[in-house]
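Structure first, commentary second.
Values reported hereafter were calculated over all heavy atoms of this structure, with side chains retained and with hydrogens, waters and symmetry mates removed.
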Amino acid sequence: MTERNVLTGGCQCGRVRYATSVLPDDVSVCHCRMCQKAVGGPFIALALVHSDQITWTRGKPASFRSSGIATRLYCADCGTPLAYVGDEKGDVELTTGSFDEPGRLAPTRSTGDESRLRWIDKLPSLPGKTTPQLHAARKQPPIKSFQHPDHDTLADWKPPRDQAG
């Protein structure tokens, strides 16, 4: 197992970390109102893995029963949303923003379109700035981040139960 074959991620403070050896091919963007509230944003992006394909490498996520069909996992310390777990199969849909390399997980479908905000399609046409450009324009000092870095070492990773041995 090489580091490139392992996808890692976790919460903002680093108290909860995970790894998976699969590159999810089912990545959804959900616009439903429940997902909007779960992340405090206009939508959530989720990457599907089976429960035996994820290893919690540091800490354990807290849970919140958000509906009659699912549980949400999050860090109890910093509040980062980490996953949606459906009751039917127990599959885990990890929030793509919690992955260390979220760019490797391009969405393949959209759900909850009944709650899709009308202005979403206009996002690419908005004027934009990088974070350093924004802070320079506001004459603010560079940001000093206190969040966990986007990486773990391979030594931190343990294979899922079905791959051990």
Treat each ILVMFWY residue as a node, draw an edge where side-chain heavy atoms are under 4.5 Å apart, and state whether [X] and [Y] are in one component.
| X | Y | result |
| --- | --- | --- |
| Val22 | Ile54 | yes |
| Leu105 | Val49 | yes |
| Val39 | Leu46 | yes |

Should [X] and [Y] count as side-chain neighbours, where that means a heavy-atom distance under 4.5 Å?
| X | Y | result |
| --- | --- | --- |
| Leu7 | Pro24 | yes |
| Cys32 | Glu114 | yes |
| Arg116 | Ser110 | yes |
| Tyr84 | Ile69 | yes |

Only distances under 3.5 Å count here; give the side-chain donor-acceptor pairs of residues 91-100 to other protein atoms, sequence neighbours excluded, each with its distance to 0.1 Å.
{"residue": "Asp91", "atom": "OD1", "partner": "His50", "partner atom": "ND1", "Å": "3.0"}
{"residue": "Thr95", "atom": "OG1", "partner": "Pro81", "partner atom": "O", "Å": "2.9"}
{"residue": "Thr95", "atom": "OG1", "partner": "Leu82", "partner atom": "O", "Å": "3.4"}
{"residue": "Thr95", "atom": "OG1", "partner": "Ser98", "partner atom": "OG", "Å": "2.9"}
{"residue": "Ser98", "atom": "OG", "partner": "Tyr18", "partner atom": "OH", "Å": "2.8"}
{"residue": "Ser98", "atom": "OG", "partner": "Thr95", "partner atom": "O", "Å": "2.7"}
{"residue": "Asp100", "atom": "OD1", "partner": "Arg17", "partner atom": "NH1", "Å": "3.1"}
{"residue": "Asp100", "atom": "OD1", "partner": "Arg17", "partner atom": "NH2", "Å": "3.3"}
{"residue": "Asp100", "atom": "OD2", "partner": "Thr8", "partner atom": "OG1", "Å": "2.4"}
{"residue": "Asp100", "atom": "OD2", "partner": "Arg17", "partner atom": "NH2", "Å": "2.6"}

- Task: Check side-chain contact (heavy atoms from CB on, under 4.5 Å) between Leu117 and all other residues, then give those that pass, not counting sequence neighbours.
- Result: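 Listed in chain order: Gln36, Pro42, Trp119, Ile120.
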Within the distance-only criterion (no hydrogens, no angle test), does the side chain of [X] pair as donor or acceptor with the backbone N or O of [Y] below 3.5 angstrom?
| X | Y | answer |
| --- | --- | --- |
| Thr80 | Gln12 | yes |
| Arg104 | Leu23 | no |
| Ser28 | Cys30 | no |
| Arg65 | Ser67 | yes |

Pairwise distance [atom1]([X]) to [atom2]([Y]) - rounded to 0.5 angstrom:
| X | Y | atom1 | atom2 | result |
| --- | --- | --- | --- | --- |
| Lys129 | Arg138 | NZ | CZ | 8.5 Å |
| Cys13 | Gln147 | SG | CD | 10.0 Å |
| Asp113 | Ser115 | CG | OG | 9.0 Å |
| Leu48 | Asp25 | CG | CG | 8.0 Å |

- Query: Looking at Asp77 and Arg15, what are the two nearest heavy atoms and their distance?
  - Reply: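 Looking at all heavy atoms of both residues, the closest pair is OD2-CD, 2.7 Å.
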- Message: For Ser63 versus Leu73, what's the shortest heavy-atom pair and its separation?
- Response: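 Where Ser63 meets Leu73 most closely, the heavy atoms are CB-CD2, 3.8 Å.
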- Message: I'd like to know whether CD of Gln133 has more than 12 heavy-atom contacts from other residues, nucleotides or ligands below 6.0 angstrom.
- Response: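 Yes - once you tally the heavy atoms of other residues, nucleotides and ligands closer than 6.0 Å, there are more than 12.
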- Task: Go through Arg72 and Cys35 one step at a time and tell me if the side chain to side chain contact (heavy atoms under 4.5 Å, CB included) criterion holds.
- Result: CA-CA 10 Å; Arg72 308 279 176 157; Cys35 284; 3.5 Å; yes
